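Okay, structure first, notes after.
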Amino acid sequence: MFLSSLWTSTVGQLLKLKRWVGVSSKRNQNVATTSEPRKLGTSSSGVREYHRKKKKCPNGHTLCSNRKLRVHKRRQTRHYDIRCSALVKVVESLGLPCKYQIFGCHDIVPYYSKLEHEKNCQFRPYNCPCAWPECHVSGDIRYLVMHLMNDHKVDVHDGCTFNHIYDESNPQEVENATWMPMIFNCFDRQFCFHFEAVHLGMAPVYMAFLRFMGDETEARKFRYSIEVGGSGRKQIWQGVPRSIRDSHREVMDSRDGFIIPRALAHFFSGGDRQQLELHLAGRIWKEE
């Protein structure tokens, strides 16, 4: 009696185990057949299984409208950074005009590189080169020249040579003297000449430098020299004009100009620290 009941119980457990293995195997087969998504859609059972597994095709393929509704109705528990490749391809094919089109840029650039293009576009407007008082006006070169003449009262000179006297008779103003820049029309281009009293660290100096009103590539085609002298002495500086793309502060911080120690400038002026009378001469030429 005992053996009979034990046999019956064992057989029952084996039958249950067989049925469970069969169902599990069938489920695994279903998963295997539906784990690879189709490009545009799949069966309803595949949608459920696929949504449970990945929620979207890893290649970004879209679902048809009927399948999409079923996918979105299901509760989403995982988030994956998967873009829609169809929309990405459409957007990547779009070409947009540069926002500086009004200044002469006619490039049509892909949307994803538009910001980078506009950041470095050669037609982007220039900032006013006048550093004192601080000015936030921008525009093309022709507009900036008119702005400097009309609003800052800057002198404009024709020619590639200059000879100018910087003087200051007020002894209280010698240490902090400021002069407006000058514009030179030369080689059908415009150059902005600066002369300022500044402190480089703790050292009081005068600094003279030339800036080209255009981009850096064209500025490298030119050279300039400045000389200063007095009492039988002379100093000469030769350099490359900096583009006004570089700010006034960038040029000053790089020390890229003719630096004259304050004491030497006063010696050239006659040795009297009560006034400044400095003769600066120079020329601009084009490298062939």
Side-chain angles (χ1 to χ4, degrees), residues 95-162 164 178-196 198 207-226 237-259 280 282-288:
L96 301 175
C98 174
K99 72 176 181 179
Y100 301 125
Q101 190 177 43
I102 59 173
F103 294 111
C105 182
H106 301 295
D107 291 350
I108 302 297
V109 295
Y111 91 100
Y112 53 82
S113 61
K114 185 173 185 290
L115 292 179
E116 185 66 22
H117 167 82
E118 292 173 349
K119 179 181 177 181
N120 300 294
C121 180
Q122 63 175 329
F123 293 97
R124 67 189 188 278
Y126 296 89
N127 295 323
C128 175
C130 193
W132 184 265
E134 187 176 3
C135 183
H136 300 286
V137 171
S138 63
D140 59 15
I141 299 302
R142 180 178 298 181
Y143 175 79
L144 286 183
V145 171
M146 297 303 298
H147 162 71
L148 289 167
M149 293 172 58
N150 298 329
D151 298 333
H152 294 291
K153 309 303 180 184
V154 170
D155 292 333
V156 178
H157 305 270
D158 294 325
C160 298
T161 61
F162 55 91
H164 193 72
T178 301
W179 294 269
M180 293 299 294
M182 294 187 296
I183 302 297
F184 292 94
N185 291 318
C186 178
F187 297 105
D188 295 324
R189 298 291 185 270
Q190 287 72 42
F191 298 83
C192 190
F193 185 75
H194 299 261
F195 182 78
E196 301 178 19
V198 296
M207 186 170 178
F209 55 93
L210 190 72
R211 300 169 75 191
F212 175 71
M213 298 188 69
D215 60 36
E216 184 178 357
T217 302
E218 194 170 4
R220 296 196 192 103
K221 300 177 182 178
F222 298 93
R223 300 291 185 270
Y224 73 100
S225 65
I226 307 173
W237 158 269
Q238 180 175 317
V240 180
R242 294 285 289 268
S243 167
I244 59 173
R245 291 286 188 207
D246 298 329
S247 68
H248 180 274
R249 175 51 55 189
E250 288 177 318
V251 179
M252 297 288 289
D253 290 344
S254 67
R255 316 293 200 262
D256 190 7
F258 189 14
I259 299 175
L280 289 180
R283 69 186 185 95
I284 305 168
W285 70 94
K286 191 173 184 178
E287 287 285 284
E288 298 298 336

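Values below: every heavy atom of this structure, side chains too, minus hydrogens, waters and symmetry copies. Computed from a prediction, not measured in an experiment: that's the story for all the values here. All residue numbers in this chain count up from 1 along the given sequence.
Between the Glu118 side chain and the Lys99 main chain, a donor and an acceptor come within less than 3.5 Å of each other. Glu116 places no side-chain N or O within donor-acceptor distance of the main-chain N or O of Ser113, the cut-off being under 3.5 Å. Using a distance-only test at 3.5 Å, with no hydrogens or angles considered, a donor-acceptor pair links the side chain of Arg255 to the main chain of Asp253. With hydrogens and angles ignored, the 3.5 Å screen pairs no side-chain donor or acceptor of Thr161 with any backbone N or O of Arg283. The closest donor-acceptor contact from the side chain of Arg124 to the backbone of Phe103 lies at 3.5 Å or more, if one exists at all.
Between Trp237 and Phe258, the ring planes are parallel. Angles under 30° get that label, and only those over 60° would be called perpendicular. Using cut-offs of 30° and 60° for the angle between ring planes, the Tyr143 and His147 rings count as parallel.
To the nearest 0.5 Å, the span separating CE on Met207 from CG on Asp256 amounts to 6.5 Å. Of the inter-residue distances, the one linking Glu216 atom CD with Lys221 atom NZ reads 13.0 Å to the nearest 0.5 angstrom. For the atom pair CZ (Phe191) and NE2 (His157), the distance works out to 15.0 Å, reported to the nearest 0.5 Å. Cys98 SG to Gln122 CD: the interatomic distance, rounded to the nearest 0.5 Å, is 10.0 Å. Cys128 SG to Ile244 CD1: the interatomic distance, rounded to the nearest 0.5 Å, is 8.5 Å. Taken to the nearest 0.5 Å, the CD atom of Gln101 stands 11.0 Å off from the CG atom of Leu96.
By the SG-distance test at 2.5 Å, a disulfide connects Cys186 to Cys160.
For the side chain to side chain contact (heavy atoms under 4.5 Å, CB included) criterion with Gln190, the lone passing option out of Ile183, Val156, Leu148 is Ile183. When Phe162, Trp179, Tyr224, Phe212 are each tested for a ring-ring contact (aromatic ring centres under 6.0 Å, His included) with Phe193, only one passes: Phe162.
For Arg211, there are no salt bridge (charged side-chain N to carboxylate O under 4.0 Å, His left out) partners two or more places apart in sequence or in a different chain. Considering only residues two or more places apart in sequence or on other chains, Asp158 meets the side-chain hydrogen bond (donor to acceptor under 3.5 Å, both in side chains) condition with Asn185.
Considering every non-hydrogen atom in both Arg245 and Cys121, the closest pair reads NH2-O, 4.0 Å. Looking at every heavy atom in both residues, Asn127 comes nearest to Ser138 through OD1-CB, 3.7 Å. Considering all non-hydrogen atoms of both residues, Phe195 and Ala208 come closest at CD1-CB, 3.7 Å. Across all non-hydrogen atoms, the minimal contact from Ser254 to Arg242 is OG-NH1, 3.1 Å. For the pair His194 and Pro129, the tightest heavy-atom approach, listed with the atom from each and the gap, is CE1-O, 3.4 Å.
Residues Glu287 and Arg223 have side chains in contact (heavy-atom distance under 4.5 Å, counting atoms from C-beta outward). Two residues are said to be in side-chain contact when any heavy atoms from C-beta on lie closer than 4.5 Å; Phe209 and Ile226 fail this criterion.
Under 4.0 Å is where a charged nitrogen must lie from a carboxylate oxygen, and between Arg189 and Glu218 at least one such pair does.
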